[in-house]
J.: 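One structure, pasted below without further comment.
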Amino acid sequence: MRTSIEPASIAMLDQHDPLRSKRDAFLLPEGVIYLDGNSLGPVPKAALRELKIAAEQEWGEDLIRSWNKAGWFDLPGTLGDRIARLIGAAPGETVITDTASINIYKALHAGLNLRPDRSAVVAEGSGFPTDIYMIEGVASVRPDMRIRLEGVDGPRIEDLIDDDVAVVLVNHVDYRTGMLRDMAALTGRIHEAGAIAIWDLCHSAGVLKVDLNANGADFAVGCTYKYLNGGPGAPAFVFAATRHHGKLSQPLTGWWGHASPFAFDRSFRPGHGIRPMLCGTQPILSMRALAGALEVWEDVELDQVREKSLRLTDLFIALVEEGCGSFGVTVAVPHERTARGSQVSLRHPHGYEIMQALIDKGVIGDFRSPDFMRFGFAPLYLSYTDVYVAASILYDILADGTWRASRFANRATVT
Ligand SMILES: *Cc1c(COP(=O)(O)O)cnc(C)c1O
């Protein structure tokens, strides 16, 4: 790859990287440059340690006593409060529970219940499909509800918001393009119309300085297995602003959301604060792994994370445009830093095959239909040198046509 960017300047960036020691907190296989932390974060060493303690000691030795003794019952709240700092929430506003999809379902109902005289829900037509599927699921039990989608019912989400809108569900960072929304401006517009704002943070929690309360968000949901590295299927989080506590209601009224679960009352009475967003028993082993994963964040400054993330993506974009542009690769993520999350999406008609060829060479990203190659840049374990090497391998694959080998065209179930 021929480029004006000097390898020496890249080594300097690594030398002066305030986050460079964080890589040691993760187990990463030799010979792999991992650019898929936006889909499944790698394993933090502390997560393995906690998982072992949880399995052998808490489950194996202490058995049922661990619900109290090891604080299992309180994990949704204690872990939620540890994530709060990363998303700009106050203590008591966030719980770890269920999946992002289920939390979207609950938050949509809760938002609609706060605006009973309105009927519309607004979302992105090109948003992550589960978000739209869950909206359809909510609509199936609320026959008066109307759905308005950006890109279907109007070009911009802002133009779909009027005084019949109860709830707007929007992604902070688009899963496919990596575009970042202005949370302050859009939440302001949503509130001006009297509606409720639900932010999906799946692609921003852990890589951006998310500021839910400063921006007035009403609800938020997000994954913990992506940039928060909680492990495959680790439960998600849901945030509800304190001003809505006492008025939270959603239809999955399981016993964990009850005011007094161990009173075993005949009828549901909602618990205090954020508790009505809980439903039932959670995957404790996964939560204990997440507890370990969150240790990595304890001394991390999110401003440093964001700055490094922008430098990593700046560098990758520059290398790809200088080196790979002539092979028909285009950059889909916005160039403006204020409109960019922490991933770079490249488009190419043979993006699937090119990604398989990259993975074969140890550069792991992923592919999203129809032609997006996604590269996620997680500042805690990636170096500037990794970015340089990944871009050169991409260049080699394009230049010598390695990706044309027929084995790279076989589509796997998970892309
Ligand atoms: C990854 C992701 C989800 C995942 O939902 P699950 O219920 O955890 O499978 C939801 N929304 C967005 C935007 C995502 O990126």
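Numbers for residues simply follow the sequence, beginning at 1. The structure displayed is predicted, hence computed values, not measured ones. In each ligand, atom 1 is the first atom listed, and ligand 1 is the first ligand listed.
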J.: Just jot down the ligand 1 atoms closer than 4.0 angstrom to any heavy atom of Y225, in number order.
T.: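 So the atoms of ligand 1 that pass are 1 (C), 4 (C), 5 (O), 6 (P), 8 (O), 9 (O).
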J.: Please state which protein non-hydrogen atom is closest to atom 10 (C) of ligand 1 and give its distance, to 0.1 Å?
T.: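 For atom 10 (C) of ligand 1, the nearest protein heavy atom is T130 CG2, 3.5 Å.
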J.: For ligand 1, which part of A100 has a heavy atom less than 4.0 Å away: the side chain, the backbone, both, or neither?
T.: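 The answer is both, backbone and side chain.
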J.: Numbering the atoms of ligand 1 from 1, which are under 4.0 Å from a heavy atom of C223?
T.: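 Counting from 1, the qualifying ligand atoms are 1 (C), 2 (C), 3 (C), 4 (C).
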J.: Give a yes or no on whether a salt bridge exists between E307 and R337, defined as a side-chain N under 4.0 angstrom from a carboxylate O.
T.: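 Answer for the salt bridge query: yes.
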J.: Exactly one of F375, F372, W403 should register a side-chain contact (heavy atoms from CB on, under 4.5 Å) with M355. Which one does?
T.: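 Among F375, F372, W403, the one that satisfies the side-chain contact (heavy atoms from CB on, under 4.5 Å) with M355 is F375.
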J.: With heavy atoms under 4.0 Å as the rule, classify the contact between I102 and ligand 1 as side chain, backbone, both or neither.
T.: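 It is neither part, as no heavy atom is under 4.0 Å.
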J.: In plain terms, say whether D153 and R148 are close enough for a salt bridge, that is, a side-chain N and a carboxylate O under 4.0 Å apart.
T.: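 No, this pair does not count.
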J.: Specify the protein heavy atom at minimum distance from atom 14 (C) of ligand 1: its residue, its atom name, and the distance to 0.1 Å.
T.: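 Closest protein heavy atom to atom 14 (C) of ligand 1: K226 NZ, 2.8 Å.
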J.: When you check the gap from the basic side-chain N to the acidic O, do K106 and D98 get nearer than 4.0 Å?
T.: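 Yes.
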J.: Could you see which bit of I104 sits under 4.0 Å from ligand 1, with heavy atoms only: side chain, backbone, both or neither?
T.: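 No part of I104 is near ligand 1 at this cut-off.
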J.: Heavy-atom distances under 4.0 Å decide this one: backbone, side chain, both or neither, for S101 against ligand 1?
T.: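 Answer for S101: both.
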J.: Enumerate the atoms of ligand 1 whose separation from the nearest heavy atom of T99 is less than 4.0 angstrom.
T.: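 Taking each heavy atom of T99 in turn, ligand 1 has 7 (O) under 4.0 Å.
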J.: Given D218 and R243, is the salt bridge (Lys or Arg N to Asp or Glu O under 4.0 Å) satisfied, shown in steps?
T.: CA-CA 8 Å; D218 298 287; R243 64 183 174 282; 2.9 Å; yes
J.: Under a 4.0 Å N-O cut-off, is there an ion pair linking E353 with R407?
T.: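 Looking at R407 together with E353, the answer is no, because their closest N to O distance does not fall below 4.0 Å.
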J.: Taking atom CD of E136 as the centre, does the number of heavy atoms from other residues, nucleotides or ligands within less than 6.0 Å exceed 12?
T.: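 Correct, the count exceeds 12.
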J.: Looking only at protein heavy atoms, which one is nearest to atom 13 (C) of ligand 1, and what is the separation?
T.: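 Going by distance alone, atom 13 (C) of ligand 1 is nearest to N171 OD1, 3.0 Å.
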